[in-house]
Amino acid sequence: MNDNNIQLQHFILNQQKRFPYAKGDFTLLLSDIILAGKIISREVNKAGLVEILGLTGHENVQGEQVQKLDDFANNAFLNILSKNESVGGVASEEMAEPDYFLKHTKARYCVLFDPLDGSSNIDVNVSIGTIFSIYKLLNEGECTEQDFLRKGSEQVAAGYILYGSSTMLVFTTGEGVHGFTLDSSLGEFLLSHEGLSIPEPSKRYYSINEGNYKYWNEKTREYIDYLKHQDKPFSLRYIGSLVSDFHRSLIYGGIFMYPLDYKNPDKPKGKLRLMYEANPLAMIAKNAGGSASNGEKDILEIKPSELHQREPLYIGTASFVNEAVSYINGGKK
Ligand code: AHG
Ligand code: MN
Ligand code: MN
């Protein structure tokens, strides 16, 4: 460990000095989220060895088959955050409604999370992750549904934990984007990427599920065809775990796109969830000099009407996002 590999809690406490409202409970909240991440990381890393692979046999509110690790990850967060009195309630991709901790009468935050992102990759040993988003309660001591239906610009912190070749935490509190790598011999996250910013790379990566080509509108198809017919074509990279595809765009630069799909021509829709996928990653992108749009507007400025609302997502290097959105939407920023 050299002197710049400072341990996560020290880093947060140093950051916290700039947080007038945080009285140490913010540090504890982030530490609890990290503890949940360590517990999930341990299970992810041995998933192949114990009977944790495969499906649970039931569906979640999204109508998706729930993998055992989704359940395990969701319970890890619930068990830990329900004991943290600064948390008034949580909302999760795996739960139809938020869970309110009514006894926490001094609560100051609520947390939304995708406990396990990239579930379809669990059984094939491809990187998966956890995405989280933290808001201050509108009224301290009470948590209601309105606390969860907030614009992403109101988040006080957001981040993800990536269970990949190493386990990494990337988060922002609005003071830059920082990456920590888990040293499992110490059980500590150590600072490994201070002050991340999304580059504007000469070698341009784009990330999209081309298998949906026939479900896109004409302008989207034209834009993707345009990317392929450059003198120096873009490189396509698609992992199928949003958290991994985003992390590559953060480190190398590039754009991740999940456009509206017109499977149902009368009701085109996005796939990714605003509150616990798009918003937290958009806060990170913005604090790293990038941007995120739903094709019409800044992701962080969308006022949600429902908890599990889905949106199209264009996120990554700002100039690439702007180019894609203006091409596909005919100039609408
Ligand atoms: P989750 O596993 O939390 O349901 O998220 C899966 C999401 C996201 O991780 C990824 O970008 C996207 O689904 C992949 O969708 P396709 O398989 O349709 O490409
Ligand atoms: Mn997800
Ligand atoms: Mn998930």
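Below, each value reflects all heavy atoms present in this structure, side chains not excepted, and no hydrogens, waters or symmetry copies. Order of listing sets the numbers, starting from 1, for every ligand and every atom in it.
With ligand atoms numbered from 1 in the order given, ligand 1 contributes 2 (O), 3 (O) to contacts under 4.0 Å with heavy atoms of Leu116. Every atom of ligand 1 is numbered from 1 in the order shown, and the set under 4.0 Å from a heavy atom of Glu93 is 1 (P), 3 (O), 4 (O). Applying the 4.0 Å criterion to heavy atoms of Asp117 picks out, from ligand 1, the atoms 1 (P), 2 (O), 3 (O), 5 (O), 6 (C), 8 (C), 9 (O). Residue contact check: Asn209 has heavy atoms under 4.0 Å from atoms 16 (P), 18 (O), 19 (O) of ligand 1. Counting the atoms of ligand 1 from 1 in the order shown, those under 4.0 Å from a heavy atom of Ser241 are 9 (O). Of all atoms in ligand 1, listed by their number and element, those nearer than 4.0 Å to a heavy atom of Asp114 are 3 (O).
Among protein heavy atoms, the minimum distance from atom 7 (C) of ligand 1 is reached at Leu272 CD2, 3.8 Å. Gly240 O, 3.3 Å is the protein heavy atom nearest to atom 10 (C) of ligand 1. Summary of contacts: the protein heavy atom closest to atom 18 (O) of ligand 1 is Tyr258 OH, 2.6 Å. The shortest contact between atom 17 (O) of ligand 1 and any protein heavy atom is with Lys271 NZ, 3.8 Å.
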What verdict does the side-chain contact (heavy atoms from CB on, under 4.5 Å) test give for Leu29 and Leu81, after you've listed the backbone C-alpha separation in whole Å, the side-chain angles of each residue and the deciding distance to 0.1 Å?
CA-CA 8 Å; Leu29 171 51; Leu81 294 181; 3.8 Å; yes
Show the numbers, then the answer: is there a side chain to side chain donor-acceptor pair (under 3.5 Å) between Asp32 and Asn84?
CA-CA 8 Å; Asp32 278 352; Asn84 184 323; 2.8 Å; yes
In sequence, state the C-alpha distance, the side-chain angles, and the governing distance for Ile128 and Leu69, and then conclude on side-chain contact (heavy atoms from CB on, under 4.5 Å).
CA-CA 11 Å; Ile128 51 184; Leu69 219 43; 4.3 Å; yes
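The backbone N or O of Pro199 lies less than 3.5 Å from a partner atom in the side chain of Thr317, making a donor-acceptor pair. Between the side chain of His104 and the main chain of Ser82, a donor-acceptor pair closer than 3.5 Å is present. Between the side chain of Asn74 and the backbone N or O of Asp70 there is no donor-acceptor pair closer than 3.5 Å. Gln62 places a side-chain N or O within 3.5 Å of a backbone atom of Glu93 that can act as its donor or acceptor partner.
A parallel orientation is assigned to the rings of Phe113 and Phe77, their planes being inclined by less than 30° (bins at 30° and 60°). Ring pair Tyr226/Tyr327 is parallel by interplanar angle, where below 30° counts as parallel and above 60° as perpendicular. Ring planes of Tyr238 and Phe256: parallel class, angle under 30° (limits at 30 and 60°).
Lys106 has no carboxylate O lying under 4.0 Å from a charged side-chain N of Glu140, or vice versa, which leaves the two without a salt bridge. Salt-bridge annotation for Asp114 and Arg273: absent, with no side-chain N of the basic residue lying under 4.0 Å from a carboxylate O of the acidic one.
Checked by distance only, ligand 1 and Tyr238 come closer than 3.5 Å through their nitrogen or oxygen atoms.
Ligand 1 is approached by Gly118 to a heavy-atom distance shorter than 4.0 Å. Using a 4.0 Å heavy-atom cutoff, Glu277 is listed among the residues neighbouring ligand 1.
Looking at Glu277, its N, O or S atom nearest to the Mn ion (ligand 2) turns out to be OE2.
When heavy-atom distances to ligand 1 are checked against a 4.0 Å cut-off, Ser119 comes that close through both its backbone and its side chain. Proximity of Arg273 to ligand 1, defined as any heavy-atom pair under 4.0 Å, is confined to the side chain (atoms from C-beta onward).
Tyr109 pairs with exactly one of Phe26, Phe132, Phe148 by the ring-ring contact (aromatic ring centres under 6.0 Å, His included) rule, that one being Phe26.
For Tyr252, the OH atom counts as loosely surrounded, since its 6.0 Å shell holds 12 or fewer non-hydrogen atoms of other residues, nucleotides or ligands.
Near the Mn ion (ligand 3), less than 2.8 Å away, sit the protein N, O or S atoms Glu93 OE1, Asp114 OD1, Leu116 O.
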